[in-house]
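So that the names make sense, note that chain A is the first sequence line, chain B the second, and so on, each numbered from 1.
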Amino acid sequence: MEIAKTYNSALAERTWYQYWLDNKFFKSTPDHRTPYTIVIPPPNVTGVLHMGHMLNNTIQDVLIRRARMLGFNACWVPGTDHASIATEAKVVAHLKENGIQKSDLSREDFLKHAWDWKEKYGGIILEQLKKLGASCDWDRTRFTMEKDLSEAVIDVFIDLYNKGHIYRGVRMVNWDPEGLTAVSDEEVIHKEAQSKLVYVKYQIEGTNDFITIATTRPETIMGDTAVCVNPADERYTHLKGKNVIVPVVNRVVPVIFDDYVDKDFGTGTLKVTPAHDINDFNLGQRHKLQTIDVLTQDGKISEAAGAYVGMDRFACRKQIIKDLEEKGLVSKIEEIKNKVGYSERTNAVIEPRLSMQWFLKMETVSKPALENVLNGEIKLIPDKFINTYKHWMENVHDWCISRQLWWGQRIPAWYDNQGNTVICKTKEEAITLLKSKNPEVNINVVKQDEDVLDTWFSSWLWPITVFDPDVIRKGKENANDDLKYYYPTNDLVTAPEILFFWVARMAIAGYEWMGEKPFTNVYLTGIVRDKLGRKMSKSLGNSPDPLDLIEKYGADGVRVGMLLCSPAGNDLMFDESYCEQGRNFANKVWNAFRLIKGFEVASVAQNGVEVLQTEAQKAAISWFDNKLSEQLEIINDHYSKYRMSDALMATYKLVWDDFCAWYLEAIKPEFIDGKAQPIDSATFNITISYLESLLKIMHPWMPFITEEIWHLLKERDAKDCIIVAEWPKTKTNLDKKKLAEFEVSKELVAMVRNVRAQKQLSPKEKLEVIERSNATRSYFDNTIIKLANLSAFSYTKEKVEGAFSFQIKTTEFYIPLAINLNKEEEIERLTKELEYNKGFLKSVQIKLSNEKFVANAKPEVIAVERKKESDALSKIKSIEEQLSVLN
RNA sequence: GGGAGAUUAGCUCAGCUGGUUCAGAGCAUCUGCCUUACAAGCAGAGGGUCACAGGUUCGAACCCUGUAUCUCCCA
């Protein structure tokens with residue numbers, strides 16, 4: 001059979017993914033085994049795969065595949081999030097393109113469009129995940145807005161309301177004037193902006209004096225209902241009891257005194273606009289000020305302003321500055337840097353706005369979620385996030401859970417025409433409940449709240465409702481078998497950006513309704529950035545399309561590339577060259593397979609002469625046997641600490657360096673007369689088994705190529721797939737001495753190769769090496785002969801003159817060379833080495849002659865220093881001998 | 001403004017309780033090789049004042065104090 005020289009990823013990926021699906025290897029149902037569960041962070045239903053997803057899901061897939069091989073009942077639950085604001089924004093934009101305004105549609109019609117949109121684009125991202133190799137149990141795919149899950153959300157709202165945790169009130173919210181909805185604190189992104197700090201003069205009533213107020217928001221002047229100064233500020237004590245006149249609208253407002261004002265910022269005076277700033281709102285509450293809302297919900301100047309009505313807020317800002325300047329009321333304008341909040345979804349500048357919203361009181365419900373992270377019941381990886389988490393949870397604000405949108409779960413609050421409110425599931429129930437308050441009530445006057453719930457108010461239930469959406473109603477004692485078996489899940493892999501949005505809230509929900517954590521480990525990935533450190537984004541155009549990368553480098557190559565550069569919790573500077581490295585690795589593995597597959601196995605029956613295992617092969621096998629086990633132990637340890645890139649790098653080196661560069665080179669049969677010699681069956685079989693072990697270890701990272709080779713290696717039963725193969729075991733009795741001994745042998749081989757390079761000798765030319773020692777042979781001699789291409793490797797007790805010499809540790813080696821050594825060059829080389837060793841010896845001796853060191857240092861440390869000293873001394877002696885011969 | 005973290009080779013990062021596993025890895029670079037598994041490769045080599053300044057210690061990349069720069073979170 002002809003095997004291609006390079007690995008063809010596309011074909012293998014198609015074949016094996018389908019094969020895994022057909023054989024239901026991803027499927028999980030409760031059984032006697034221990035479960036290992038991951039729920040996917042549900043991507044937006046209409047989203048497309050980006051690099052962040054790639055990273056996230058590759059890590060999850062690595063974890064789930066390894067768990068499967070370790071014998072756990074591995075279950076990875078996929079699904080999508082309805083993402084109310086993001087999806088609604090997309091639908092609105094789409095309708096707009098077709099000349100339809102959302103405002104022209106009824107709620108029902110709009111939702112029809114939205115569902116159509118979801119049907120059309122929903123789940124594309126899940127198909128993309130399959131290309132990556134994600135081994136999710138697709139039969140379990142969930143969507144946060146499917147009927148059952150939505151019902152659970154309503155159950156939760158009612159439950160929390162009944163427990164007294166939910167209230168409705170007028171509060172200052174983060175208003176998105178483009179999305180026309182309130183958004184939570186977490187959905188506001190604060191960015192540094194260059195702003196104008198305008199110094200505006202307000203006349204003091206009944207005088208010709210002015211006080212100057214610094215503001216970045218002059219367009220809200222019409223909403224000013226006071227001017228505030230710090231009571232400790234002596235510059236303004238004379239204003240006690242005075243009023244000032246607000247420019248533009250000529251409103252007379254009081255001067256109030258409050259500690260809140262920073263004396264050193266601007267002029268130390270503050271215009272108070274309770275409708276448009278949270279701090280001003282608080283001041284307004286304290287000082288019983290009037291609240292004048294001068295902006296409309298879409299960010300224009302409102303009727304209430306009495307001036308500039310209908311003008312956009314930013315246009316008005318410019319205009320008002322101009323007008324005030326003309327009136328001579330601007331004393332100066334400063335450029336300052338401040339933070340401006342932007343909507344995460346629409347990127348509109350957030351407007352603090354007073355509105356009636358629903359809130360969840362966080363104080364009580366969030367307690368267990370904090371405690372159990374602090375006590376280690378839930379682990380954050382890396383743990384540096386615990387501090388951040390703690391800080392947030394201790395200062396948690398009530399959660400604004402209502403959104404002025406249609407796409408989402410509608411709030412189950414019902415109102416009559418007399419100001420009564422009830423919370424329940426259906427209109428019928430509502431009428432019954434309202435009857436007790438208002439006997440006149442009838443179906444025509446009962447109206448449901450127009451708002452829907454925040455998306456996170458449904459996704460915080462994800463680890464529960466994907467298994468049993470009815471559990472909220474039934475109570476946890478009556479959970480179904482799935483939930484009982486899979487909950488709590490094991491690992492959650494997500495981005496630190498949503499630690500509070502999602503992770504903290506899932507923890508809250510877990511304790512609230514299951515009385516138990518939703519997951520044990522939270523692995524926080526970094527943000528994928530480009531190599532300049534910029535966040536990858538569509539607008540910057542710096543994000544490669546993951547599917548293009550997969551096409552170019554293969555899914556395995558991309559997976560390896562992603563994880564090579566992803567330390568836990570740190571952002572990763574992604575560069576395509578990592579994928580190239582991943583692809584090259586896959587190709588290396590492919591070629592190792594080609595080599596092994598190409599071996600001709602000796603058969604006694606065929607040629608009558610038994611081919612025996614050589615000493616070189618025997619030694620190499622015994623070394624690799626230990627090496628494999630040693631490295632597997634290290635890899636397992638990295639996994640246990642969630643050090644993914646370390647685990648991958650250890651795997652990479654085990655395969656490339658230890659297996660390919662050393663082991664295969666050592667056991668590879670020689671060519672005689674241009675013909676490859678056959679290999680004995682013992683060496684062949686064990687080599688196959690090593691390759692199988694390595695394929696297993698590589699499988700979580702590179703599922704496709706490993707499955708492909710697994711099957712090309714042997715005829716196998718239909719179900720004998722690497723995806724369900726058993727993870728290799730480590731030896732209990734590692735031969736550390738042999739491992740150490742081979743390290744020295746490697747050094748010797750490298751030295752010989754180095755000599756060849758230096759003396760420009762062909763690798764084909766056989767050399768002789770003589771070791772100066774009392775020994776007569778050692779274990780790896782024949783392996784060394786093979787690897788370094790030696791004609792002989794012998795021992796002598798005497799110094800060999802006229803040969804090239806070098807040292808490893810304290811042992812001297814000689815290579816007799818046919819060509820003459822350049823005497824000057826040798827002297828120079830040896831002199832340099834001598835200098836170095838003398839310097840080294842000196843530093844060690846200084847240390848040893850230091851009484852305090854000898855008195856204080858641990859005995860082991862001192863012993864080590866003494867060994868260094870004696871080694872250096874013998875090395876110096878030997879170099880000096882060599883030099884004396886040359887001279 | 002408050003908090004958290006970082007700064008080690010050209011790049012991305014390891015480096016645990018201070019001491020031979022201590023200055024390391026991968027990539028990149030340079031030199032030589034198309035050596036019948038692999039040029040997506042092989043062999044070899046070079047490259048760091050561990051951000052800066054002090055301090056503690058017999059001994060500091062590691063502990064302490066400042067300084068600088070960067071990143072993130074919160075207001």
Side-chain angles (χ1 to χ4, degrees), chain A residues 3-7 185-186 188 190 262 264-265 278-279 339 341 382 384-392 394-397 496-497 499-500 526-527 529 531 533 553-554 557 561 564-567 569-575 577-578 580-599 638 641 643 645-646 648-650 652-653 656-657 660-661 664-665 668 671 674-676 740 743 749-758 760-765 788-789 844 846-858 860-865 867-868 871:
Chain A
I3 305 170
K5 205 167 169 181
T6 49
Y7 167 61
D185 290 345
E186 290 74 35
V188 180
H190 295 272
D262 179 357
D264 302 320
F265 185 82
I278 180 66
N279 297 306
K339 292 280 179 80
K384 68 174 180 185
F385 285 106
I386 294 173
N387 273 333
T388 322
Y389 184 87
K390 178 169 179 264
H391 191 255
W392 189 78
E394 282 174 348
N395 298 289
V396 65
H397 298 284
E497 308 166 283
L499 187 59
F500 309 123
I527 296 167
R529 299 174 179 278
K531 61 176 169 182
Y553 301 104
L564 273 174
C565 60
S566 75
N570 279 343
D571 292 358
L572 63 115
M573 308 295 161
F574 179 80
D575 187 74
S577 65
Y578 288 107
E580 204 179 323
Q581 195 184 346
R583 179 203 59 181
N584 293 355
F585 183 46
N587 196 49
K588 184 74 189 177
V589 173
W590 181 252
N591 277 290
F593 156 70
R594 273 182 72 211
L595 173 67
I596 294 167
K597 189 73 185 172
F599 285 155
H638 285 316
K641 293 173 177 139
R643 302 175 64 133
S645 25
D646 290 337
L648 173 58
M649 187 43 75
Y652 179 94
K653 286 199 275 194
W656 197 310
D657 298 344
C660 294
L664 287 179
E665 289 302 329
K668 180 161 118 178
F671 271 76
K675 200 172 167 297
E743 287 309 302
V749 172
M751 270 317 237
V752 176
R753 286 170 177 169
N754 190 352
V755 170
R756 277 188 214 278
Q758 265 179 39
Q760 305 201 313
L761 299 171
S762 157
K764 283 180 176 165
E765 190 176 336
N789 193 25
V844 173
I846 287 175
K847 216 173 193 179
L848 282 168
S849 61
N850 182 336
E851 278 171 35
K852 285 184 176 168
F853 170 73
V854 179
N856 291 319
K858 281 180 277 182
E860 308 92 89
V861 176
I862 296 170
V864 161
E865 293 298 315
K867 174 95 172 44
K868 276 197 219 168
D871 284 0

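The 5' end of RNA chain B is approached more closely, in terms of each residue's nearest nucleotide, by Tyr578(A) than by the other of Tyr578(A) and Gln760(A). Heavy-atom nearest nucleotides on RNA chain B were determined for Leu664(A) and for Met649(A), and the one closer to the 5' end corresponds to Met649(A).
Residue Tyr652(A) places at least one side-chain N or O under 4.0 Å from the OP1 or OP2 atom of C27(B). Using a 4.0 Å cut-off, some side-chain N or O of Arg643(A) falls inside it from OP1 or OP2 of G15(B). Lys847(A) has no side-chain polar atom (N or O) that falls below the 4.0 Å cut-off from OP1 or OP2 of G59(B).
Not a single salt bridge (charged side-chain N to carboxylate O under 4.0 Å, His left out) links Lys588(A) to another residue, sequence neighbours left out. Applying the side-chain hydrogen bond (donor to acceptor under 3.5 Å, both in side chains) rule to Lys390(A) yields no partners; only residues at least two apart in sequence or on another chain are considered. Remark: Asn856(A) pairs with no residue by the side-chain hydrogen bond (donor to acceptor under 3.5 Å, both in side chains) rule, at least two apart or across chains. Residues forming a side-chain hydrogen bond (donor to acceptor under 3.5 Å, both in side chains) with Asp646(A) (at least two apart in sequence, or on another chain): Arg643(A). Here Glu665(A) pairs with Lys668(A) under the salt bridge (charged side-chain N to carboxylate O under 4.0 Å, His left out) rule; sequence neighbours left out. Checked against side chain to side chain contact (heavy atoms under 4.5 Å, CB included), Asn387(A) has no partners two or more places apart in sequence or in another chain. Not counting sequence neighbours, the partners of Asp871(A) by the salt bridge (charged side-chain N to carboxylate O under 4.0 Å, His left out) test are Lys867(A). Applying the salt bridge (charged side-chain N to carboxylate O under 4.0 Å, His left out) rule to Lys641(A) yields the partners Asp637(A); only residues at least two apart in sequence or on another chain are considered. Partners of Asn584(A) according to the side-chain hydrogen bond (donor to acceptor under 3.5 Å, both in side chains) rule, which considers only residues two or more places apart in sequence or in another chain, do not exist here.
Distance alone, capped at 3.5 Å, is enough to place a donor-acceptor pair between the Arg756(A) side chain and the Ser762(A) backbone. The backbone N or O of Asn587(A) lies less than 3.5 Å from a partner atom in the side chain of Asn591(A), making a donor-acceptor pair. Side-chain N or O atoms of Trp590(A) include one that pairs as donor or acceptor with a backbone N or O of Ala4(A) at under 3.5 Å. Side chain of Asn789(A) to main chain of Lys764(A): a donor-acceptor pair is present (N/O by atom type, distance under 3.5 Å, no hydrogens or angles).
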- prompt: Where along nucleotides 2-9 of chain B does protein come under 4.0 Å, by heavy atom, of base (B) or sugar-phosphate alone (S), with - for untouched nucleotides?
  reply: --S-----

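A gap of 14 Å separates the P atoms of C64(B) and A4(B), to the nearest Å. Annotation: C42(B) and A6(B) have their P atoms spaced 36 Å apart (nearest Å). Here the separation of G24(B) from C70(B), taken at their P atoms, is 31 Å to the nearest Å. The gap from the P atom of C72(B) to that of A53(B) amounts to 28 Å, rounded to the nearest Å. For the C1' atoms, the distance linking C52(B) with A60(B) amounts to 16 Å, nearest Å. Nucleotides U31(B) and G47(B) are separated by 15 Å at their C1' atoms, to the nearest Å. If you take atom P in A28(B) and the same atom in G66(B), they sit 43 Å apart, rounded to whole Å. Distance noted for atom C1' between G5(B) and A9(B): 23 Å (whole Å).
Atom-to-atom, CZ of Phe500(A) to C1' of C72(B) comes out at 11 Å; the value is rounded to the nearest Å. When rounded to the nearest whole Å, the span between CD of Glu665(A) and P of C38(B) equals 11 Å. If you measure from atom CZ of Arg594(A) to atom P of A37(B), you get 9 Å, rounded to the nearest angstrom. Between the P atom of C74(B) and the OH atom of Tyr389(A) lies a distance of 15 Å, rounded to the nearest Å. Following rounding to the nearest Å, Asp657(A) (CG) and C27(B) (C1') show an atom-to-atom distance of 13 Å. Rounded to whole Å, atom P of A25(B) lies 15 Å from atom NE2 of His638(A). The separation between Lys641(A) atom NZ and C13(B) atom C1' is 17 Å, rounded to whole Å. In this structure, the NZ atom of Lys852(A) is 18 Å from the C1' atom of G19(B), given to the nearest Å.
The heavy-atom pair separating Leu664(A) from Ala592(A) by the smallest distance is CD1-CB, 3.9 Å.
A stem is defined here as three or more consecutive Watson-Crick or G-U pairs, each with both distances under 3.5 Å; for RNA chain B these stems are B:1-7 with B:68-74, B:10-13 with B:24-27, B:29-33 with B:41-45, B:51-55 with B:63-67.
Residue contacts for Lys653(A): at a heavy-atom cut-off of 4.0 Å it reaches the sugar-phosphate backbone alone, with no base atom in range. When heavy atoms are screened at a 4.0 angstrom cut-off, Asn856(A) is found touching base atoms of the nucleic acid.
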Distances under 3.5 Å between protein N/O atoms and the N/O atoms of nucleotides 39-43 of chain B, please, pair by pair.
| residue | atom | partner | partner atom | Å |
| --- | --- | --- | --- | --- |
| A39(B) | OP1 | Lys5(A) | NZ | 3.4 |
| A40(B) | O4' | Asn584(A) | OD1 | 3.0 |
| A40(B) | O2' | Asn587(A) | ND2 | 3.1 |
| A40(B) | N3 | Arg583(A) | NE | 3.3 |
| G41(B) | OP1 | Asn584(A) | ND2 | 3.4 |
| G41(B) | O3' | Lys588(A) | NZ | 3.2 |
| C42(B) | OP1 | Lys588(A) | NZ | 2.8 |
| C42(B) | OP1 | Trp656(A) | NE1 | 2.8 |

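Between Phe671(A) and U36(B), a base-stacking contact is recorded: ring centres under 5.5 Å apart, planes less than 30° from parallel.
Side-chain N/O atoms of Gln581(A) and base N/O atoms of A28(B) include no donor-acceptor pair closer than 3.5 Å.
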